[in-house]
**Q** 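Below are the structure tokens for one structure; questions will follow.
We name chains A, B, ... by the order of the sequence lines, and we start the count at 1 in each one.
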Amino acid sequence: MTHVLKIEDLHVSVGDKPILRGVNLTLNHGETHALMGPNGSGKSTLGLAIMGHPGYEVTSGSITLDGKDVLEMAPDERARAGIFMAFQRPMAIPGVKMADFLRHATTNVRRPDRKEGEELIPMREFRKELREKMEHLRMDSEFARRYVNDGFSGGEMKRAEILQLAMLQPKFAVLDETDSGLDADAVRLASESIADIGHQKMGLLIITHHDKLLEHNPPDFTHVMLGGRLVETGGKELAEELHQHGYDRIRKAYPDAEALNQKLLAEDAEEALA
Amino acid sequence: MSQTITHAFDAAGFDALLASQSEPDWLTTLRREAFEHAQAMSWPERRHEEWIRTDIRIFQLGKFGLPVLDPADCDLAETEPLHQLVEGVALGGRIETVDGCITKESLDEDLAAKGVVFGSLSKLALSHPELVRPYLFTAFDPDHDKFAALHAAFMSGGQFLYVPRGVVIDRPLHIGSILTDGGTDTTHTLVVLEDGAEATLLHESNSTDSGGAGLHLGSIELVQKPGSNLRYVNLQEWGHKTYHFAQQKAVIDRDCSLQWTIAAMGSSLSKVNQSVDLVGPGAHSQVNGVMFTEGRQHLAYHTLQHHKAESCRSDFLYKAAQQDKSRTVWRGMIKVDPAAQKTDGYQRNDNLVLSHHARADSIPGLEIEADDVRCTHGSTTSKVDEDQIFYARCRGFTRKEATRMIVTGFFQQIFDRITIDSVREALGAAIARQVREYE
Ligand SMILES: Nc1ncnc2c1ncn2[C@@H]1O[C@H](COP(=O)(O)OP(=O)(O)OP(=O)(O)O)[C@@H](O)[C@H]1O
Ligand SMILES: [Mg+2]
């Protein structure tokens, strides 16, 4: 059976501000989907809602994994069920070494029934695997001893997210701008790594503003988000078109969604000033 | 409370205490003086800078009796010796006390043969006055306040460690102090290291009942002669209805080094003054403080690093995390005398507030009278971030595991400074036990 992550008519609000207004998306295991759209259109919000961020309230619609209600699950249950997100802005956890964090995370995800306090993966076994994965990603082994995202450069954070993806081997992964903040070499390396780890091995939902990542991970589908809705879906040629020509055609074709998008952006600007 | 009060902190109680002790006259004289002072002193006033943030109006001394005067009357039922700090550690000696009564004391023969003395302070004051008398109350000031005076008048039991010149003790010594529900402990700890001596002393205090009531009126004096080296660890886990008032001070001379680790987890209300006087050039002290509170606990630590001689270093790091409606107060002071040129002083307090109703007060301070010094201080207060918790949960951590990891990470900087494995592990475990789900 192929695994399916299914999002139907999803509405999400932050506070009482509606952000997503009816998103439909079916992600089959092994497929790669590109999610594009201008700033503030709601791409990260979709990812965070899939993971169950408490600040993002699902007001209607559903998310299911192989028919099971994901909205009923706590974020850690979702992770243990095989859903992953690489964050646009990962959080720092000072004082906690990357290796210790990952050992605990990997144990919990691989043994979804593990109770608090039960044994973790044996240290030696884990270290060996981590070292191999890091070598493969051409990461310095010193990285494992640093504190989680604490003082990491933008590029280091993104690479750390990829390392987590590699260790946790989820069924479905949302990659939120995992290619941003990287220099040209690092983008290529990240793109290759993701292709190696996830392309056709997971269901990937790739949020990106650049073309490199999609060159290495050609999408089966491209979705365009505007004003909290997926206004268009196409193949990889749609992604290519947007990279070359931007969102002008889309904005004109969907004036209502465009108006909503502008409204949200204007509100953001107001809030930033206030 | 389980006991009825037979002797109170009053004149009759004082007489009963004197009658029960066989102690040298000079010690009785010290007590009498302290008792008179205590009688004459009033309780600290709220407007006094040290007490502004610590309300002691609900504390009633009359609710507590004196510590058990005759060890034969000591209630030793069901008290397991404490051993958190010394898991898997070969010790050189140990003292166990219940409500201040010494129930067990031992010291390895090879150490005794080298002249090391470790045991009951009251007994040793009688048998070794030449070692005790010159130092007792040299680092401790009975006139500091009424609590200090009461301690000096009513102290009983107590521990004494003396390490002669040049003697290096390679195994830690251990003190385990237990307070029974409703019990009182007025023990005094005196440590003297002669020139070039070295020792590690691990001291933990606990209550038989984690919710137990009790009173600890204590004092610690650490006296270090030139070139000596002391590691002193204090894990305080008194029951959550226990009052803890203490004066703790080290006086360290030329080229000494002191590493003093304090973990304050217990008591309902603590008011502790912790000071290090650096009195000889080249002395170095490092203080590592951990506070972790919950419920309605109130822990107030006032630290002083007093540079009296040139070219000394003092490095104080206090980290505190607060749960529920608890509160910690940390007030630090680096004092540099005019003579103390080339002082290197560092003072820092970080707080992690784990609930909306918890509170952390942090008041660093400097008083510098020399001109060629380097003193830095700082304090931070942060909250556990919901986004941090979420991030960890997205990696499969339960909410509780995430909270525990973040709190442990917060204290990591302290753990990194602790050089004794068993202590690091015990503190880590004590913290992990206390962490609840962040909400
Ligand atoms: N936690 C939040 N609080 C307030 N507003 C939010 C929050 N998260 C998202 N929003 C708002 O929702 C809208 C969509 O934001 P989102 O981050 O999902 O956009 P995006 O498509 O990922 O944009 P970008 O390409 O810039 O990353 C924006 O107007 C944003 O300000
Ligand atoms: Mg985004």
Side-chain angles (χ1 to χ4, degrees), chain A residues 47-48 50-56 73-87 89-98 100-118 120 147-150 157 160-161 163-165 167-168 170 173-174 176, chain B residues 288 290 292 317-321 348 350-354 356 378 380-418 424-425 427-439:
Chain A
L48 293 169
I50 292 172
M51 291 315 300
H53 191 296
Y56 294 73
M73 303 180 195
D76 43 300
E77 291 169 333
R78 299 181 196 200
R80 291 179 189 210
I83 309 176
F84 177 92
M85 175 168 178
F87 284 74
R89 290 177 208 87
M91 300 300 299
I93 309 179
V96 177
K97 291 196 185 80
M98 207 60 213
D100 295 331
F101 179 74
L102 268 173
R103 180 167 166 231
H104 200 151
T106 308
T107 309
N108 278 6
V109 168
R110 289 195 192 155
R111 292 217 314 267
D113 299 331
R114 175 180 176 272
K115 302 266 181 310
E116 285 177 28
E118 284 177 15
L120 298 175
Y147 296 150
V148 179
N149 295 319
D150 193 25
M157 281 193 199
E161 294 292 287
L163 175 62
Q164 299 187 42
L165 176 73
M167 290 302 294
L168 299 181
V174 181
D176 193 355
Chain B
N288 305 312
V290 167
F292 193 8
L317 173 66
Y318 262 79
K319 280 185 162 268
R348 188 181 174 89
D350 295 320
N351 295 286
L352 184 67
V353 181
L354 292 160
H356 292 295
T380 63
T381 298
S382 51
K383 283 191 153 77
V384 164
D385 195 326
E386 192 59 55
D387 280 328
Q388 266 180 333
I389 302 250
F390 175 67
Y391 183 69
R393 294 189 80 185
C394 286
R395 300 297 179 248
F397 288 76
T398 63
R399 198 173 175 80
K400 188 167 178 184
E401 287 172 329
T403 313
R404 185 177 295 146
M405 173 179 63
I406 290 164
V407 171
T408 305
F410 170 74
F411 285 112
Q412 187 60 42
Q413 193 188 357
I414 293 261
F415 299 152
D416 286 344
R417 287 160 59 117
I418 296 173
R424 202 167 41 238
E425 276 154 29
L427 294 194
I431 288 165
R433 266 202 308 279
Q434 202 155 322
V435 177
R436 279 195 309 283
E437 205 165 281
Y438 169 71
E439 50 206 342

**Q** Should the ring pair His53(A) and Tyr56(A) be called parallel, tilted or perpendicular, given that the plane angle runs from 0 to 90° and is split at 30 and 60?
**A** perpendicular

**Q** Arg80(A) side chain to Gly396(B) main-chain N or O, any donor-acceptor pair under 3.5 Å?
**A** yes

**Q** What part of Met51(A) is in contact with chain B, defined as an atom under 4.5 angstrom from a non-hydrogen atom: side chain, backbone, both or neither?
**A** both

**Q** Name all residues meeting the salt bridge (charged side-chain N to carboxylate O under 4.0 Å, His left out) criterion together with Arg111(A); count only those two or more places apart in sequence or in a different chain, and write none if there are none.
**A** none

**Q** Heavy-atom distances under 4.5 Å only: say whether Pro90(A) touches chain B with side chain, backbone, both or neither.
**A** both

**Q** Against chain A, work out which of Gln388(B), Met405(B), Arg393(B), Gln412(B) has the most heavy-atom pairs shorter than 4.5 Å and name it.
**A** Arg393(B)

**Q** Counting only heavy atoms closer than 4.5 Å, note whether Ala392(B) contacts chain A via side chain, backbone, both or neither.
**A** both

**Q** Let's test your reading of the structure: which of Val96(A), Ile83(A), Thr107(A) forms the most heavy-atom pairs below 4.5 Å with chain B?
**A** Val96(A)

**Q** Salt-bridge test for Arg399(B) and Glu386(B): reply yes if a basic N is under 4.0 Å from a carboxylate O, no otherwise.
**A** yes

**Q** Select one option (side chain, backbone, both, neither) describing which atoms of Leu168(A) are under 4.5 Å from chain B's heavy atoms.
**A** side chain

**Q** Relative to chain B, which segment of Asp150(A) carries a heavy atom at a distance below 4.5 Å: side chain, backbone, both, or neither?
**A** neither

**Q** Would you mind checking which part of Leu48(A) comes under 4.5 Å of any heavy atom in chain B, side chain (CB onward), backbone (N, CA, C, O), both or neither?
**A** both

**Q** Is it the side chain or the backbone of Ala92(A) that comes within 4.5 Å of chain B heavy atoms, both, or neither?
**A** backbone

**Q** So does Ala79(A) get a backbone contact from the side chain of Arg395(B), meaning a donor-acceptor N/O pair under 3.5 Å?
**A** no

**Q** Is Phe101(A) close to chain B through its backbone or its side chain, or both, or neither, when contacts mean heavy atoms under 4.5 Å?
**A** both

**Q** Please enumerate all residues that pass ring-ring contact (aromatic ring centres under 6.0 Å, His included) together with His104(A), with sequence neighbours excluded.
**A** Phe397(B)

**Q** Between Leu352(B) and Leu354(B), is a side chain to side chain contact (heavy atoms under 4.5 Å, CB included) present by the stated rule, with each step listed?
**A** CA-CA 6 Å; Leu352(B) 184 67; Leu354(B) 292 160; 4.2 Å; yes

